[in-house]
Trainee: 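Please read through the structure below; I'll follow up with questions.
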There are 4 protein chains.
Amino acid sequence: MTLNEFNKLTKQEAIAELEKCCVSKCWIQHMIENMPFASSNELTLKTADIWYHQCRELDWQAAFEGHPKIGDITSLKEKFANTKNWATNEQSKVTDADENVLKALAKANDDYLNKFGYIFIVSASGKSAKEMLSIINARLDNTKEDELHVAMGEQHKITVIRLAKLIDDVKSNADLRSHITTHVLDTTTGIPGKGMQINLNGLTDNIWKPITVGVTNNDGRIADLLPPGKNLEAGTYQLVFNTANYYKEQQQDGFYPEVSIQFIVTDHDHYHVPLLLNPYGYTTYRGS
Amino acid sequence: MTLNEFNKLTKQEAIAELEKCCVSKCWIQHMIENMPFASSNELTLKTADIWYHQCRELDWQAAFEGHPKIGDITSLKEKFANTKNWATNEQSKVTDADENVLKALAKANDDYLNKFGYIFIVSASGKSAKEMLSIINARLDNTKEDELHVAMGEQHKITVIRLAKLIDDVKSNADLRSHITTHVLDTTTGIPGKGMQINLNGLTDNIWKPITVGVTNNDGRIADLLPPGKNLEAGTYQLVFNTANYYKEQQQDGFYPEVSIQFIVTDHDHYHVPLLLNPYGYTTYRGS
Amino acid sequence: MTLNEFNKLTKQEAIAELEKCCVSKCWIQHMIENMPFASSNELTLKTADIWYHQCRELDWQAAFEGHPKIGDITSLKEKFANTKNWATNEQSKVTDADENVLKALAKANDDYLNKFGYIFIVSASGKSAKEMLSIINARLDNTKEDELHVAMGEQHKITVIRLAKLIDDVKSNADLRSHITTHVLDTTTGIPGKGMQINLNGLTDNIWKPITVGVTNNDGRIADLLPPGKNLEAGTYQLVFNTANYYKEQQQDGFYPEVSIQFIVTDHDHYHVPLLLNPYGYTTYRGS
Amino acid sequence: MTLNEFNKLTKQEAIAELEKCCVSKCWIQHMIENMPFASSNELTLKTADIWYHQCRELDWQAAFEGHPKIGDITSLKEKFANTKNWATNEQSKVTDADENVLKALAKANDDYLNKFGYIFIVSASGKSAKEMLSIINARLDNTKEDELHVAMGEQHKITVIRLAKLIDDVKSNADLRSHITTHVLDTTTGIPGKGMQINLNGLTDNIWKPITVGVTNNDGRIADLLPPGKNLEAGTYQLVFNTANYYKEQQQDGFYPEVSIQFIVTDHDHYHVPLLLNPYGYTTYRGS
């Protein structure tokens with residue numbers, strides 16, 4: 001539907017549609033109060049604002065409960081009938097993975113639930129089971145407090161993806177790319193560095209706090225490193241590229257166990273921080 | 001109109017529309033014979049094939065005659081009524097330029113006509129008078145034989161731009177980006193290197209032959225370095241970046257009077273050859 | 001004197017000479033026991049071996065007591081008459097510094113003594129007061145345990161410098177360069193990056209431990225990052241370049257608050273880890 | 001002998017010694033007239049000055065006649081008895097080469113003599129037969145006029161090497177490094193790029209003129225790219241790295257058939273122009 005059509009829905013109809021995007025009552029309630037939206041941009045920015053500033057920990061965890069466990073195919077069939085189709089699609093790549101990865105993923109999901117008290121949330125679109133395994137293992141290292149914020153960011157990405165499926169105007173809003181983007185080029189092979197895990201951290205009180213974890217796609221990029229409409233505050237941030245695993249998978253030696261790039265964010269402009277990598281050298285720069 | 005609508009035009013109607021794109025009788029005749037086109041991709045590839053392989057020198061020069069002289073505003077008003085609107089629009093940036101540049105551009109146009117025997121053809125969309133002056137001066141150095149091929153490429157770019165205005169399907173064909181692209185990043189300022197002249201040359205019998213000349217836009221790129229659908233043959237090519245002028249305009253010293261990057265093209269894959277530039281160092285790589 | 005002449009000294013004479021290099025009785029005793037030395041290389045390696053593996057915390061602290069406080073010119077005149085000339089010379093650059101730096105340095109020396117319980121030891125040769133201030137402030141952040149090891153390394157550097165003044169063969173031993181070296185090139189200005197603070201850390205039990213802190217000289221290098229003859233064990237190490245201060249001094253903006261390069265050391269080969277720096281980009285590689 | 005001892009030689013003795021370095025009567029005569037030399041630096045600069053500005057084409061060719069043909073072992077035994085020992089030593093690596101390379105080298109020597117009218121002169125110290133073959137083949141492409149200047153430079157290098165063997169002070173003069181130096185690092189392997197042919201050219205009247213051709217040693221460097229004491233005039237120069245052959249020898253694909261770096265020389269400061277190379281990317285900078 002168009003944004004115009006969405007704005008004209010009755011309250012009951014709008015609640016039913018928004019529930020397909022995120023089941024948090026807090027978020028839905030505030031969204032309804034803000035209708036009609038003047039533009040898809042306003043709707044997306046309001047989504048972020050409500051999520052980060054109006055909702056509280058219980059609201060966030062309530063939203064997490066609205067998801068099937070990633071990799072748990074049987075639970076997909078039973079739970080939350082109205083989001084089933086989209087969730088299946090978003091997780092469609094899991095089925096291609098081999099048995100061992102799926103078993104490890106299932107175990108990691110259990111470990112995650114045990115450690116954090118809620119299921120593992122990840123914006124799974126386009127990710128293979130192996131990539132998800134890499135992400136969940138990285139996030140299992142987080143403290144409870146840190147991981148809550150990482151999971152919130154993932155829920156936010158999922159919400160926006162679903163809003164874009166719901167409302168045509170959101171989909172075509174090209175301005176809402178991730179505030180931070182990166183790109184890994186392997187200049188030994190001349191092709192993008194794919195399947196590389198990258199952590200984005202922020203410096204708070206002189207300590208690095210995890211913001212998100214992603215894995216590069218076949219073009220060496222992570223399209224959704226940050227959720228659309230989520231701008232980082234001015235401060236010092238860090239991208240950490242897991243080069244050790246990248247070279248291990250290629251059965252190649254490398255000089256750098258990881259590459260970490262610290263940089264300063266001062267405004268809402270887009271920040272592109274690429275990595276040109278080879279086993280014994282690398283280059284980074286502020287791109288555009 | 002859609003491609004479907006175009007395919008259904010009578011021969012007379014189709015000729016009238018194609019004339020708005022390129023006045024060469026040879027090209028129009030072959031295009032008519034190839035109608036209907038199964039896809040916009042086929043239409044674009046056929047456009048290139050006819051232009052480079054079916055037409056001859058007289059056909060190319062006939063096409064050049066269908067254009068007003070760039071920068072000569074008065075001739076715009078008189079000549080070729082049916083392309084007038086588009087041409088004005090394509091040259092709209094000229095009016096922003098200062099008087100001296102326009103005078104120099106007018107003189108260079110005269111010199112060009114005197115040297116080569118036909119008017120200066122350039123795909124002017126988005127280019128300022130200053131950028132066009134940079135391009136025409138670079139092309140005035142070419143031999144007659146070389147320049148004919150450069151001008152043919154420009155005519156081809158213009159033809160495709162006009163086909164895209166005529167037929168909706170062509171416009172939305174995102175696959176037809178330039179076979180070779182580049183991007184200049186100034187890593188001293190952290191922003192794209194704009195207004196830099198770049199020459200693309202090809203190695204033929206151990207001699208560098210000019211293929212095209214462009215100027216980077218505000219994003220440090222040249223969108224139309226090669227015409228859509230024009231693939232370079234396997235061989236050795238060269239991008240030459242005019243860094244001397246770039247630094248001169250910034251009243252800054254630089255170590256490199258020019259940067260030339262020689263590279264090998266083996267197939268129809270896309271080749272991205274960026275330059276990360278600073279006054280005393282630079283990096284290039286095969287991008288994606 | 002030559003190594004041969006040194007080997008022929010009586011025990012009493014040898015003790016008197018070695019005391020000029022390092023006052024630790026433990027180190028001197030073991031050195032005497034190892035005389036005669038077959039080569040300057042053996043002497044230098046034995047110096048390192050005794051210092052790190054035979055001596056204990058009290059021995060190290062005893063060695064520290066043999067030094068005047070850096071920047072405290074008056075104490076130089078009173079204390080330890082037999083090392084006075086060398087120490088004065090090693091600290092000769094202090095006198096060029098301005099009053100404020102000297103005051104800050106004196107205060108930092110007091111803070112250091114209060115925090116760690118022994119005076120600030122640094123291989124001062126060639127360093128200005130400002131550079132020493134940069135180093136002492138960085139080291140004041142260390143824990144007591146970490147700083148003890150950093151100070152030991154500095155004492156070791158001083159010992160070798162003095163051994164080289166004492167014994168001609170040691171001086172001319174060119175093989176004993178630092179196991180790790182670096183070089184900062186500023187590719188915006190085309191000249192070496194001088195006066196930049198660099199920390200060398202090692203990864204132990206997943207925690208970065210400080211090994212040493214240095215400041216680049218006019219050629220952008222730190223000649224004595226590690227003491228001669230001191231080889232790092234196989235493991236993961238990190239160079240952190242303080243780029244924020246570097247650009248602040250030049251009143252220039254930069255994208256990188258620091259540059260940290262993590263790398264793997266596997267053997268006793270020399271490791272050269274340079275940095276090509278500009279405000280919005282950098283390159284590193286394994287050099288030679 | 002020392003410079004002091006050399007200065008005290010009789011005219012006859014001095015001529016005999018200088019003849020061992022270079023047989024040109026013009027050069028010897030002017031050298032004698034300039035005795036005594038105040039320093040080894042003055043002697044080296046005067047050597048260059050006489051060679052390039054006092055001597056003429058016939059003098060240069062006379063000097064070339066004083067050499068055995070490289071690779072032609074039998075002629076070594078007959079010709080020019082007084083330079084025999086040194087020449088043998090300088091060409092000592094030839095014997096390690098395999099038969100085919102030696103045959104190709106012999107043929108190239110013949111071709112060279114036929115084309116240019118004098119024997120192939122190259123400062124052979126430390127070069128293998130294979131490296132010499134690479135160099136002679138590159139130089140066979142030169143015009144007669146260009147090659148004369150390249151050969152003159154080689155004669156000059158040989159003269160200085162022999163002067164350094166003759167006079168101790170010249171040997172220990174570390175200041176006389178090549179005005180231009182380079183260094184190839186292969187950042188895929190992490191080791192220097194060895195055996196790579198590099199051409200140094202200068203821009204004269206908009207045409208690139210060859211100045212010298214060298215091959216990188218095991219440390220990726222060419223120590224004697226220019227003769228000691230030979231400063232290039234202010235102007236535009238170019239280093240061309242033969243990367244095609246480098247990768248071919250490693251049976252590896254590369255994107256760059258060659259890497260050419262154009263740069264501006266403005267003074268007698270040292271210019272270090274390194275190349276960090278990998279198959280799909282490279283970096284250069286002004287080093288120190």
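Every chain is numbered from 1 and lettered A, B, ... according to where its sequence line falls, protein lines coming before strand lines.
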Trainee: Are there any donor-acceptor pairs closer than 3.5 angstrom between chain C and chain A, and if so, which ones?
Mentor:
residue  : atom : partner  : partner atom : Å
C:Phe255 : O    : A:Ile264 : N            : 3.0
C:Glu258 : OE2  : A:Gln262 : NE2          : 2.8
C:Ser260 : OG   : A:Ser260 : OG           : 2.9
C:Ser260 : OG   : A:Gln262 : NE2          : 3.1
C:Gln262 : NE2  : A:Glu258 : OE2          : 2.8
C:Gln262 : NE2  : A:Ser260 : OG           : 3.2
C:Ile264 : N    : A:Phe255 : O            : 3.0
C:Tyr280 : O    : A:Arg286 : N            : 2.9
C:Tyr282 : N    : A:Thr284 : O            : 2.9
C:Tyr282 : O    : A:Thr284 : N            : 2.9
C:Thr283 : OG1  : A:Thr283 : OG1          : 2.7
C:Thr284 : N    : A:Tyr282 : O            : 2.9
C:Thr284 : O    : A:Tyr282 : N            : 2.9
C:Arg286 : N    : A:Tyr280 : O            : 2.9

Trainee: Which bit of A:Val273 is near chain C, if near means a heavy-atom gap under 4.5 Å: side chain, backbone, both or neither?
Mentor: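 For A:Val273, the side chain is the part near chain C, not the backbone.
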Trainee: Between atom CG of A:Leu275 and atom CG of A:Leu239, what is the distance when rounded to the nearest 0.5 Å?
Mentor: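 Those atoms lie 9.5 Å apart.
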Trainee: Roughly how far apart are A:Phe116 CZ and A:Leu148 CG, rounded to 0.5 Å?
Mentor: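 Between A:Phe116 CZ and A:Leu148 CG, I get 10.0 Å after rounding to 0.5 Å.
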Trainee: Examine whether an atom of A:Ile261 lies under 4.5 Å from a heavy atom of chain C, and if so say whether it belongs to the side chain, the backbone or both; otherwise answer neither.
Mentor: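 Both backbone and side chain of A:Ile261 come within 4.5 Å of chain C.
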Trainee: Can you tell me how far the CG atom of A:Leu226 sits from the CD1 atom of A:Ile211, to the nearest 0.5 Å?
Mentor: 7.0 Å
Trainee: Identify which of C:Pro279, C:Gly281, C:Ala244, C:Gly254 forms the greatest number of heavy-atom pairs closer than 4.5 Å to chain A.
Mentor: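 With the most close heavy-atom pairs to chain A, the winner is C:Gly281.
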Trainee: Just how far is it from atom CD1 of A:Ile121 to atom CZ of A:Phe64, taken to the nearest 0.5 Å?
Mentor: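 If we round to the nearest 0.5 Å, A:Ile121:CD1 and A:Phe64:CZ are 6.0 Å apart.
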Trainee: Say you draw a straight line from CZ of A:Phe241 to CG of A:Leu277; how long is it, rounded to the nearest 0.5 Å?
Mentor: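 Spacing of CZ (A:Phe241) from CG (A:Leu277) equals 9.0 Å.
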Trainee: Which residue pairs satisfy the salt bridge (charged side-chain N to carboxylate O under 4.0 Å, His left out) criterion with at least one member in residues 236-245 of chain A, sequence neighbours excluded?
Mentor: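 Counting only pairs at least two positions apart or across chains, no salt bridge (charged side-chain N to carboxylate O under 4.0 Å, His left out) contact touches residues 236-245 of chain A.
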Trainee: Just verifying a value: how many Å separate A:Leu276 CG and A:Leu185 CG, rounded to the nearest 0.5 Å?
Mentor: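 Going from CG on A:Leu276 over to CG on A:Leu185, the span is 5.5 Å.
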